[in-house]
Undergrad: 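I'd like to ask some things about the structure below.
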Amino acid sequence: KELECCICLDREIENAKLLRCLHTYCDVCLTEKLDKGGVIECPQCKVETHLPLDGVEGLPPNFLFNRIRELIKAEQSLKCGCSRGTVKFYCFHCKVFLCKQCTDSHNDLKPVTANHTVVELNKFSGEDIDSYLGRSGSCKKHDGKEQKFYCQPCDQCICIECTVVEHQNHQRSHLTDVVKQEKEDLGGKVLQIKAKKSFMEFHCKLLDNQVATIKNEAENAKATAKQTYESIVEEATKKMRETLSEIDKQADDNIRKVTAMKSKVLNKEQEMEKYVQFSNGILDRSIPLEIMEYKNLLKGRFQELNRERPSQYSVEQFHIKYITNEPEVKTGIKALQQVGNVQTCCIGPKLTELRGYGIREAFVGEEAQFIVETRTTRRGDKAFSFKEYVTVEIESPDSERIIAKVEEKLEGKYAVNFTPKCCGEHKVRVWVNCEEIADFPRLLMVKTNSPKKLEPVKLKGRLLYFL
């Protein structure tokens with residue numbers, strides 16, 4: 001599965017090519033399906049590869065891929081050069097695949113082949129596979145000749161015959177010497193990339209911390225907003241309850257007054273009814289002495305009752321309303337909208353400032369310090385409550401990284417302490433939230449010794465200073 005082209009799914013790839021992103025495809029698919037005006041976009045990662053002048057053919061082959069394919073193909077059904085059978089063995093000295101008959105003939109040529117290592121394909125060990133993959137290549141122009149030399153002007157591996165024909169007057173070197181040097185150079189580059197990779201891993205952790213910080217700050221912001229609006233709702237609810245209570249109180253007082261007046265009216269009505277019934281009784285009985293006995297009392301009382309007027313028992317008409325203060329309501333709503341707002345404020349690496357003597361000059365073996373002062377993107381204000389991540393990289397003249405200790409201070413300030421080990425120009429780089437600050441990298445001059453302090457010496461009442 002890993003040895004097939006992921007586009008055509010061909011398991012018989014003859015010429016696998018490697019793109020800039022290190023993904024492998026067959027040359028046919030690259031030429032017919034992916035080549036778009038000299039640029040190939042990888043279907044898997046979308047990284048673009050610009051083709052050389054000779055097109056897809058000029059792309060580097062996937063060396064390991066092609067050799068593993070050769071070995072698998074040979075093990076499956078590759079015909080032997082004698083055309084009598086399929087290959088079953090491989091000679092590491094002759095670098096050829098052999099069938100059973102050729103292997104027997106090969107072994108009969110002792111003592112010439114006595115030191116040759118011949119291994120059956122289905123018995124290949126891990127070391128055998130490594131030896132096969134690491135064998136020297138054969139020259140494309142001179143069949144069977146090993147490429148043991150390197151032509152520097154042509155940047156090609158060549159064989160012995162190439163050195164006396166096409167590359168006769170070119171500067172050449174033994175391939176082993178060139179490979180040794182290239183391995184050293186490549187090893188150094190690998191170490192640099194490993195250091196950079198560890199730095200990237202550190203940045204990934206910082207980014208993870210940023211995500212966690214964003215989530216935490218979002219929760220804190222939500223809690224603050226909720227508390228703010230709940231306090232407003234609480235005050236509004238309190239005021240509403242007070243207003244409703246006041247309305248109930250006024251309504252109860254007014255109802256109490258009206259009810260009291262109604263009781264007086266009912267009492268007066270009952271009194272009138274009592275005198276009416278009493279008088280009707282006297283009239284119905286028509287007893288002269290009784291009439292004459294009560295006439296003055298009843299007439300006097302009727303005269304008093306007749307003077308009663310309904311207006312004497314009326315109360316003021318009470319109306320209870322809630323008058324909304326529209327201007328204040330509008331002002332309150334507007335004020336409510338301005339109670340708070342969501343503010344996303346980030347640190348501006350380009351606005352960050354560096355202060356302190358240690359960013360300009362330092363001395364071997366002595367601790368130096370400079371201050372990183374972060375600022376926000378809002379008018380360049382100082383960062384008081386925003387969490388930022390400051391990383392510092394100091395590289396000595398011999399490309400050795402110096403450990404810098406970053407200590408967080410108050411109000412967006414960070415103290416950077418480091419101790420240089422050698423003199424010369426050091427490269428200083430500072431990142432804030434994984435973004436390099438402006439005007440960096442910066443060169444820092446490290447000197448051998450710091451200036452000696454003046455020491456006072458008292459001589460005849462005078463203070464003299466000597467170095």
Side-chain angles (χ1 to χ4, degrees), residues 211-284 294-346 376-379 381-387 410-411:
V211 171
T213 300
I214 291 172
K215 291 181 178 180
N216 185 51
E217 289 180 347
E219 291 300 321
N220 291 338
K222 286 164 63 177
T224 303
K226 184 179 179 181
Q227 182 179 1
T228 300
Y229 287 104
E230 283 180 348
S231 64
I232 294 174
V233 171
E234 183 179 354
E235 286 298 321
T237 303
K238 180 180 178 182
K239 183 62 179 176
M240 180 189 69
R241 289 173 179 169
E242 290 176 354
T243 302
L244 296 179
S245 178
E246 178 65 21
I247 293 173
D248 289 338
K249 181 177 179 299
Q250 292 187 18
D252 291 341
D253 290 343
N254 293 336
I255 290 173
R256 193 179 302 110
K257 292 177 181 179
V258 173
T259 303
M261 189 58 69
K262 180 183 177 182
S263 296
K264 290 181 179 180
V265 173
L266 287 175
N267 290 336
K268 192 60 66 176
E269 180 188 1
Q270 291 173 0
E271 184 180 359
M272 290 179 176
E273 178 66 22
K274 181 175 65 174
Y275 276 97
V276 168
Q277 290 180 2
F278 184 80
S279 299
N280 287 334
I282 292 175
L283 294 174
D284 289 341
Y294 292 110
K295 63 180 180 62
N296 293 330
L297 173 65
L298 293 176
K299 287 180 180 180
R301 190 59 186 147
F302 282 144
Q303 188 176 2
E304 292 176 2
L305 292 176
N306 199 34
R307 287 199 296 265
E308 297 287 341
R309 297 288 183 268
S311 58
Q312 294 178 248
Y313 300 95
S314 64
V315 293
E316 297 180 358
Q317 185 66 37
F318 295 103
H319 298 281
I320 301 176
K321 294 182 179 180
Y322 180 79
I323 308 300
T324 302
N325 191 337
E326 293 293 343
E328 291 297 328
V329 169
K330 292 180 180 179
T331 303
I333 293 174
K334 185 177 180 180
L336 182 62
Q337 294 172 347
Q338 297 175 353
V339 163
N341 57 77
V342 180
Q343 183 184 70
T344 300
C345 188
C346 61
T376 69
T377 54
R378 293 174 59 86
R379 304 184 304 275
D381 296 335
K382 288 185 179 181
F384 288 97
S385 59
F386 298 95
K387 184 67 176 176
L410 297 177
E411 300 179 1

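Being a predicted model, the structure only gives us computed values, none of them experimental.
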Undergrad: Roughly how far apart are Glu269 CD and Lys274 NZ, rounded to 0.5 Å?
TA: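 Spacing of CD (Glu269) from NZ (Lys274) equals 13.5 Å.
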Undergrad: Would you find more than 12 non-hydrogen atoms of other residues, nucleotides or ligands less than 6.0 Å from Gln227 atom CD?
TA: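 12 or below, so no.
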Undergrad: Atom CG of Leu244 and atom OH of Tyr322: how far apart are they, to the nearest 0.5 Å?
TA: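 Reported value, rounded in 0.5 Å steps: 9.0 Å.
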Undergrad: Rounded to the nearest 0.5 Å, how far does NZ of Lys268 lie from NZ of Lys264?
TA: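 Those atoms lie 10.5 Å apart.
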Undergrad: Just by distance, do the side chain of Ser279 and the backbone of Tyr275 share a donor-acceptor pair under 3.5 Å?
TA: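 Checking the backbone N and O of Tyr275 against the side chain of Ser279, a donor-acceptor pair under 3.5 Å is found.
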Undergrad: Could Lys249 and Glu246 be called an ion pair, given the rule that one side-chain N must be under 4.0 Å from one carboxylate O?
TA: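 Result for this pair is no, no salt bridge flagged.
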Undergrad: How far does CG of Asp248 sit from CD1 of Ile320, to the nearest 0.5 angstrom?
TA: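 Asp248 CG to Ile320 CD1: 8.5 Å, rounded to 0.5 Å.
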Undergrad: Going through the distances and angles, do Arg307 and Gln303 end up as a side chain to side chain contact (heavy atoms under 4.5 Å, CB included)?
TA: CA-CA 6 Å; Arg307 287 199 296 265; Gln303 188 176 2; 3.5 Å; yes
Undergrad: Might you point out which heavy atoms bring Asn325 and Pro327 nearest each other, and give the distance in Å?
TA: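 Closest pair (atom of Asn325, atom of Pro327, distance): OD1-CD, 3.2 Å.
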Undergrad: For the pair Asn254 and Val258, evaluate side chain to side chain contact (heavy atoms under 4.5 Å, CB included) and give the outcome as yes or no after the intermediate values.
TA: CA-CA 6 Å; Asn254 293 336; Val258 173; 5.5 Å; no
Undergrad: About how many Å separate CG of Asn306 and CD of Glu308, when rounded to the nearest 0.5 Å?
TA: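 Here the interatomic distance stands at 9.5 Å.
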Undergrad: Closer than 3.5 angstrom, by distance alone: can the side chain of Asn267 be matched with the main-chain N or O of Ser263 as a donor-acceptor pair?
TA: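 Yes, the answer is positive, given that a donor and an acceptor are paired below the 3.5 Å cut-off.
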Undergrad: Name all residues meeting the ring-ring contact (aromatic ring centres under 6.0 Å, His included) criterion together with Tyr294; count only those two or more places apart in sequence or in a different chain, and write none if there are none.
TA: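 Phe278.
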Undergrad: With rounding to the nearest 0.5 angstrom, report the NZ to CD distance, Lys226 to Glu219.
TA: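 Spacing of NZ (Lys226) from CD (Glu219) equals 10.5 Å.
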